K.L.:
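Mind looking over this structure? Questions follow.
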Protein chains: 2
Amino acid sequence: MANSTSGDSVVDRVVRVIAAFPEGVTSLQLTDLAERAGLPLSSAHRLVRQLSEHGLLDLGAGGNVRLGLRLWELVNRNSPTLALRQAAMPFMEDIQQVLNQNVNLAVLDGWEALFVERLSRRGSVANRARIAGRMPVHISSAGLALMSHQPRELQAEYLQQFQDPSGKVTADVVRHFLAEAAQQGYAQLAGVVDPDTWGIAVPVMNGKRRTVAALGVVVPLAEMRLQALVPALQTAARGIGRQLGE
Amino acid sequence: MANSTSGDSVVDRVVRVIAAFPEGVTSLQLTDLAERAGLPLSSAHRLVRQLSEHGLLDLGAGGNVRLGLRLWELVNRNSPTLALRQAAMPFMEDIQQVLNQNVNLAVLDGWEALFVERLSRRGSVANRARIAGRMPVHISSAGLALMSHQPRELQAEYLQQFQDPSGKVTADVVRHFLAEAAQQGYAQLAGVVDPDTWGIAVPVMNGKRRTVAALGVVVPLAEMRLQALVPALQTAARGIGRQLGE
DNA sequence: ACACGTTCTACCATTGAATGGAAGGCGCTC
DNA sequence: GAGCGCCTTCCATTCAATGGTAGAACGTGT
């Protein structure tokens, strides 16, 4: 027993502590946190105290641990998607105003679409909750739009490892979806969350024609009019791409 | 030379690396980062590599370092202000729709107001940029609204240490502002950024009547109508507080 | 085309910082 | 009021973190 019986580095442990919060949970008891991070209580306590001295965590009275405001501030000020979101925001607002639908912006992370920005349909209850949400590539229009415009090797690697936990979808079906999306220049998919909605998404390409994001809308089935939606999205996506430069 | 010649802990160093990004900068060269963090290059390199293996940072080709998507995701999913922002969002949209002004939400962090959410005036260029921005208490309506409703001891401590770097404002002036804001139930201040705008902010109290945030608008001087703005803000603030519970 | 400067990356002997069990508080419940 | 759960502190042990050094990979100017 000395510098780590478990053979993990300090950095490993710091990451485990920060990542120990389950989705949507903002506050954790120290003992709980220690268990979730797989650390001895005294070690967890020491790390949390050190991190909270720097404002990355907030160690409140009674062992109540939260993420620190300073961490939130740092990440939001220097977020890797900052330029993308700034470039996209005006165009997303245009889409929201003109089409009056839920608009979202996603990037590819691993085999999932990570939603980095979202504007709600006017009048609908704001669900900023889903920001920072993830969807597997094969069940989201944003994911399909992103993957269908990636380099061949990456698509091949994706399809090679693909398997649907529910067993409903095969790699061949996904391959077909991707080919269709690549050919059409947009992806559409019946809503998985809500059966009465559709998702439509188009790729956003930077100056080098690399696909860096997907711009999409979620519309009620009744209001599904591809002829109107797709051109609007594609125009906005080009505008975003131009703004991005590089 | 062994475990740190400089006498700082690993945690200190990890924090310095993450916090080394200047405001608005999303990408840094390794050498630059090492210098900013005050670390030997080889140490910085090792830490960055470890952190990027966990997705907290992203070490790209050629020593290009960014914050990791995983970090952004973690922080946004478990942000300490998540509940506040979710509770406030619908009311902020109401304000935006009804008054058609820039709406913002701030919390107190140290002696500064930290803006955690912002909705732009319809039609104006979206400036989500300023999210995660800070303003000193004494030159922001949000700051004054927050501080004027804090416990006496905290206010005393604030005033005691107060000094304006520019030398334009004295502690007595701030004391007067705070007293006025406390008595009126709202704070107003001529825009510091733009001389033709005013800021108005009201405190948001949770169920225990603790002031946890400030809700404010920024209006052009020409559209300044306190009689219309303040009641709307106060009503929304009460709604938010009720939603927060606790 | 070549040499130079800059930056990233890898290696490895040294050593003091990280570790975690144990014991001491504190508040709560039964 | 005794027991329980949880937070917090202490400190001897020891191995993981350190950073100088050297090499690789660019890019640039002559």
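Letters go in sequence order (proteins before strands), and every chain restarts at 1. If you're wondering where the values come from, they're calculated on a predicted model, not measured in any experiment.
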K.L.:
Kindly point out which of C:dA18, C:dG21, D:dT8 is positioned nearest to the side chain of A:S42?
P.N.:
C:dG21

K.L.:
In whole Å, what is the span from the CZ atom of A:R16 to the P atom of C:dT19?
P.N.:
11 Å

K.L.:
Expressed in angstrom and rounded to an integer, what is the separation of A:D12 atom CG from D:dA17 atom C1'?
P.N.:
13 Å

K.L.:
In whole angstrom, give the distance that lies between atom CG of A:L30 and atom P of D:dG5.
P.N.:
17 Å

K.L.:
Are the side chains of B:F162 and B:V169 in touch, meaning some heavy atoms are under 4.5 Å apart?
P.N.:
yes

K.L.:
Provide, to the nearest angstrom, the distance between the CG atom belonging to A:L39 and the P atom belonging to C:dG20.
P.N.:
8 Å

K.L.:
Start at the 5' end of DNA chain D and walk down; is the nucleotide closest to A:V11 or to A:N64 reached first?
P.N.:
A:N64

K.L.:
Of all of residues 43-53 of chain B, which get a heavy atom below 4.0 angstrom from DNA chain D, listed by number?
P.N.:
B:S43, B:R46

K.L.:
Check B:R16 with B:D12, please: is the shortest side-chain N to carboxylate O separation under 4.0 Å?
P.N.:
no

K.L.:
Strictly below 4.0 Å, N to O, side chains only: are B:D109 and B:R134 in salt-bridge contact?
P.N.:
yes

K.L.:
Counting side-chain heavy atoms from CB outward, which of C:dA18, D:dT8, C:dT9 is closest to B:S9?
P.N.:
C:dA18

K.L.:
Just the rounded figure in Å: distance from C1' of C:dT19 to CG of A:D8.
P.N.:
11 Å

K.L.:
Do A:L51 and A:V14 have side chains that approach each other closer than 4.5 Å (heavy atoms only, starting at C-beta)?
P.N.:
yes

K.L.:
Is A:Q155 reaching over with its side chain to a backbone N or O of A:R175, donor-acceptor style, under 3.5 angstrom?
P.N.:
no

K.L.:
Which pair of non-hydrogen atoms, one from A:V204 and one from A:G241, has the smallest distance, and what is that distance?
P.N.:
CG1-N, 4.2 Å

K.L.:
Looking at C:dA18, D:dT8, D:dC6, which one has an atom nearest to any side-chain atom of A:L59?
P.N.:
D:dT8

K.L.:
Nearest whole angstrom, please: distance from the P of C:dA23 to the CG of A:L41.
P.N.:
16 Å

K.L.:
Rounded to the nearest angstrom, tell me the gap between atom CG in B:L33 and atom C1' in C:dT9.
P.N.:
15 Å

K.L.:
Quickly work out the A:R13 CZ to D:dC15 P distance and round it to whole Å.
P.N.:
14 Å

K.L.:
Within the 4.5 Å heavy-atom criterion, are A:Y158 and A:H138 side-chain neighbours or not?
P.N.:
yes

